[in-house]
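Bear in mind the structure is a predicted one, so any value in this text is a computation, not a measurement. Just so it is clear: chains get the letters A, B, ... in the order the sequence lines come, proteins before strands, and each one is counted from 1. Just so it is clear, the values below take in all heavy atoms, side chains as well, and ignore hydrogens, waters and symmetry mates.
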Amino acid sequence: MTNTASTPPTQTAVRYEPAAVEAKWQRRWQEDDLYKAEDAVPGKENWYALTMFPYPSGDVHIGHWFAYTPADAHARFMRMQGYNVMHPQGFDSFGLPAENAAISRGADPREWTVANMDNMRRQFKLMGASYDWNRELATCEPDYYRWNQYFFLKFYEKGIAYRKNGAANWCPQDQTTLANEQVKDGACERCGTTVVRREMPQWFFRITDYADELLEMDSIDWPEKIKVMQRNWIGRSTGVTIGFDVSEYMPDGESDKIETFTTRIDTVYGVTFVVLAPEHPLVSKLTQPQQQGEVDAYIENAARQSEIERTSTEREKTGVHTGAYATNPLNGEKVPVLVGDYVLATYGTGAVMGVPAHDERDFVFAKKFGLPIRVVVAPEGWSGEELAEAYIAPGTQVNSAEFDGLPSAEGKERIADKIESNGWGERTITYHLRDWLISRQRYWGTPIPIIYCDDCGTVPVPEQDLPVILPDNVEFTPTGQSPLTLDEEFVNVPCPDCGRPAKRETDTMDTFVDSSWYHLRFTSPGLMEEPFDSEKVRQWVPVHQYMGGAEHAVMHLLYSRFFNKALRDIGMVEFDEPYTRLFNQGTMTKDHMKISKRANPLNPEPIIERFGTDTLRCYLMFLGPWDQGGDWSDQAINGISRWLQRVWDLALRESPSGSDTDADRQIERASHALTGRVIGDMQQFKFNTTIAALMEFTNELSRSRETGNTSREAWTSAIERLLLHLAPLAPHVAEELWEQTGHRYSIHQQSTPGWEEAKAAADTETIVVQVNGKVREQLQLPAGVAQDTAVSAALASEKVQRYTDGAEILKQIFVPGRLINLVVKPGK
RNA sequence: GCCGAGGUGGCGGAACGGUAGACGCGCCGCACUCAAAAUGCGGUGGGGGAAACCUCGUGCGGGUUCGAUUCCCGCCCUCGGCACCA
């Protein structure tokens, strides 16, 4: 320091220099392996704190900081609360960007990924997060992905994995199929390109078998929002499947029925037409010769439409007659069979019964095609007039034969009974959820361990031959086939069963397979013989606290739950859910706009250089409630910087040495109150109010120092408490001050200080006096003052008397420790 | 359209049904300085008033209550998710 001579005595000689402090402690913690998690520590409960691991895209950006540093603060807090905490970090390192980098600039995907991981690991270490790096894993390593293959084989054995030919979602840009969950608004979730449908054999995981169990979420403490999104995605609906006979229109005297699904069987007497999806197999058979041309043209046109166009709700409903008629089994009526693309081939049975009076879409369709609209569920007070729009709500059965007069809710049950007893159909449950399509026609992923033999068919790779290694040096020409198809050495293998020449499956797995079980691998990352050590899994999993963004609500978080249940069913884990608690952080913006590299950049590195990691960490947590995201301000971070500087000065300047017991009591009161607030807030991830409480305490200490009456003991203990609460939030500066105030390393191995409600309580309390609900006076009264004493004091106040003089007091409300409200009737 | 979260000073945001605006930013004033920066101290919702104090005020309209940002009913707006799911 150059200005020591001119420094006034009240100034500290050494200013807070974050860079030096942070480098020093990061090195020390690493040398000492301070955050290494033992699998069991006597007397401590385990706490598995997990954040959704990152994709190694290249740099740790501000969004990573916003996701990971508050999560780390919480993990650190739990450690100080006496838990044995494991907080691991790794890389979700298979995926398209690596391959796209290979295509666009000839980089090797593995080298590109490894270089990114090295860089990001370095940047992560600048965060000062309490990660146990001994447990780091990367999903692109054979030691990891071989277990994806292992699980795949187990699932195949159990029938959970299967191969099926069908129309799959195809992204023309990424040149691969996608799972339903990865299609948003008819476009690829990753690149935004409109998805098309393509017929091809693909591998699936039978997630639909778990649909009902996945709906059961009472045992997990997750945000309601995520639960709702999962429920909606699974989309369970209960109804009736009912067949409409079309035999007389079938070629060659075949007999057949159109199976339709409805949730409104109470409206079945109002059916005036039946609509098939263009892709429905009966369309070709039922189309009568005179309609053939029109139907063909319609189907061809529908096929050319994109998914977005077809599913737009604004679009006009279109359709065409097949010339065939179907018989309603309940009343024997024949209704026309049409083809319409508002009916989806992928939902229910791909055919619907049209009830225009009681379904908005059917209403529009009927109006357009001049089909009859028959009311069968009457609104209250309905007297036979025509409807201006479809009537959706419940009502009374009419025009429904023997069911007339019943409330529609009851009609639903009775009609379903009748249908079932006559064998016309049955009660059915349908789901929006489809099986998880896991095949990807891409290189940078886990090879699917299957061999196709002309003689033996589909042959699983024997377990002892795992892993099927992803070869290096393949050609990247996005042709719609996996690059692996061009690797002769990879593709051509002898059949494991008969030894004759056979070919390997060349598709790779969806990377969401990798992230479905990584939390298990963190318990035993180096293990060679098994995917994980069951004993250690028992010690650590289910994950106690999972943290990450809500964008994975129906992808990762749903897949992972499914995967856990499938593992349970093959006897590999014992619990039903992978993540007990979940917390979703919100999205960070800058100037209320999305942060993006190009349009609205916010690079953390210069911020760290200027203010230090601790300041950035605290600022991100101070922005607002973590789950609501936050808006970055270049100016406001100064406030945090100033505050930490003040903490530094308070801790290091010479302590006061007064002997005023009142001053000491005041500090003690503030100290205990602080701890109570901090513990409550930190438990609930309310970092912003935690920091506000610490700032208030800092202000209190500053005032106390000004008066100089506080004793050395009281002061020292207050500073100690401040540092202990600061430690999870600003770990470096807290550690440095801990050392400089003469404490033993490390502050991060200390416990949260204790507190007592009684000591946190004030000796006097402010009682607000209201007259008719308006605040008129504030009285300082001894704590715990009784109602009559307080009221007498209030009535003695001149300010209160102004409003009570000559008035009649009707009522007194007394809230202990808070207020008095005098309800008066004014005199005169 | 449906589901979820929100709407509070110039800004980010606090408030078990009990003093609305904690804490911070910004701004204003003062101190320190030749000066500036940094730092420290004080002030800072609107209107009125020299002040004491009065009054209005938490998206809009009602209601419950001694008392409502908070609870209830009906709207408006913003953000996120889903959406021809039969």
If [N] has a Watson-Crick or G-U wobble mate with both distances under 3.5 Å, name it; if not, just say none.
N      : answer
C41(B) : G29(B)
U69(B) : none
G74(B) : C60(B)
G17(B) : none
A35(B) : none
G4(B)  : C79(B)

Does the side chain of Tyr803(A) come under 3.5 Å of the side chain of Arg776(A) through a donor N or O and an acceptor N or O?
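Present: a donor and an acceptor within the cut-off.
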What contact category does [X] fall into here, base, sugar-phosphate, or nothing, at under 4.0 angstrom with non-hydrogen atoms?
X         : answer
Val815(A) : base
Arg705(A) : nothing
Tyr803(A) : sugar-phosphate
Ala636(A) : sugar-phosphate
Thr349(A) : nothing
Arg231(A) : nothing
Lys686(A) : sugar-phosphate
Glu360(A) : nothing
Asp362(A) : nothing

At under 4.0 Å, does any side-chain N or O of [X] touch on OP1 or OP2 of [N]?
X         : N      : result
Arg776(A) : C54(B) : yes
Lys594(A) : C79(B) : no
Lys225(A) : A5(B)  : no
Asn688(A) : A14(B) : yes
Arg642(A) : G26(B) : yes
Asn584(A) : A5(B)  : no
Arg802(A) : A52(B) : no

Which listed nucleotide ([options]) is nearest to the side chain of [X]?
X         : options                : result
Phe261(A) : G40(B), A86(B), G26(B) : A86(B)
Val775(A) : U19(B), A14(B), G26(B) : U19(B)
Val352(A) : A83(B), U19(B), A86(B) : A86(B)
Ser702(A) : G81(B), C41(B), C25(B) : C41(B)
Ile813(A) : C66(B), A20(B), G24(B) : C66(B)
Val343(A) : U39(B), U19(B), A86(B) : A86(B)
Ser237(A) : G81(B), A86(B), A83(B) : A86(B)

Nearest-nucleotide comparison on RNA chain B, the residue closer to the 5′ end among Arg677(A) and Arg818(A)
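Its nearest nucleotide being more 5', the pick is Arg818(A).
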First encountered from the 5' end of RNA chain B, between Leu819(A) and Arg703(A)
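Between the two, 5'-proximity favours Leu819(A).
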For Gln787(A), I'd like to know if atom CD has over 12 heavy atoms of other residues, nucleotides or ligands within 6.0 Å.
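Enclosed: over 12 neighbouring heavy atoms sit under 6.0 Å from CD of Gln787(A).
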Where the chi angle of G9(B) falls, syn if within 90° of 0 and anti if not:
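For G9(B), whose glycosidic angle is within 90° of 0, the conformation is syn.
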Using the [atom1] atom as the point on both nucleotides, what is the distance between [M] and [N], in whole Å?
N      : M      : atom1 : result
C60(B) : G7(B)  : P     : 13 Å
U78(B) : C28(B) : P     : 35 Å
A22(B) : G46(B) : P     : 13 Å
G17(B) : C71(B) : P     : 8 Å
U19(B) : G4(B)  : C1'   : 34 Å
A38(B) : G29(B) : P     : 15 Å
A52(B) : C66(B) : C1'   : 28 Å
A5(B)  : C56(B) : C1'   : 30 Å

Nearest whole Å is fine: how far is [N] [atom2] from [X] [atom1]?
X         : N      : atom1 : atom2 : value
Ile637(A) : G26(B) : CD1   : C1'   : 16 Å
Gln778(A) : U19(B) : CD    : P     : 10 Å
Leu558(A) : C82(B) : CG    : P     : 13 Å
His592(A) : G7(B)  : NE2   : C1'   : 13 Å
Glu181(A) : C82(B) : CD    : P     : 11 Å
Phe697(A) : A22(B) : CZ    : C1'   : 17 Å
Gln585(A) : C79(B) : CD    : P     : 21 Å
Asn821(A) : G67(B) : CG    : C1'   : 6 Å

Does Lys799(A) make a side-chain donor-acceptor contact with the base of C53(B), cut-off 3.5 Å?
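No, no donor-acceptor pair under 3.5 Å.
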Between [X] and [Y] (salt bridge meaning N to carboxylate O under 4.0 Å), is one present in this structure?
X         : Y         : value
Glu700(A) : Arg703(A) : yes
Arg677(A) : Glu696(A) : yes
Arg231(A) : Glu224(A) : yes

Can you list, by residue number, the residues of residues 618-635 of chain A that have a non-hydrogen atom closer than 4.0 angstrom to RNA chain B?
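Going residue by residue through residues 618-635 of chain A, the ones with a heavy atom under 4.0 Å of RNA chain B turn out to be Phe622(A), Leu623(A), Pro625(A), Gln635(A).
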For [Y], is there any backbone N or O sitting under 3.5 Å from a side-chain donor or acceptor partner on [X]?
X         : Y         : value
Arg236(A) : Asp212(A) : no
Arg617(A) : Pro728(A) : yes
His358(A) : Val377(A) : yes
Asp627(A) : Gln585(A) : no
Asn638(A) : Gln635(A) : yes

Residue pair Cys618(A) / Ile640(A): nearest heavy atoms and the distance that separates them:
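Scanning both residues, the minimum pair turns out to be CB-CG2, 3.7 Å.
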Nearest heavy-atom pair of Phe365(A) and Thr318(A): which atoms, and what distance?
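Taking Phe365(A) first and Thr318(A) second, the nearest heavy atoms are CE1-O, 3.3 Å.
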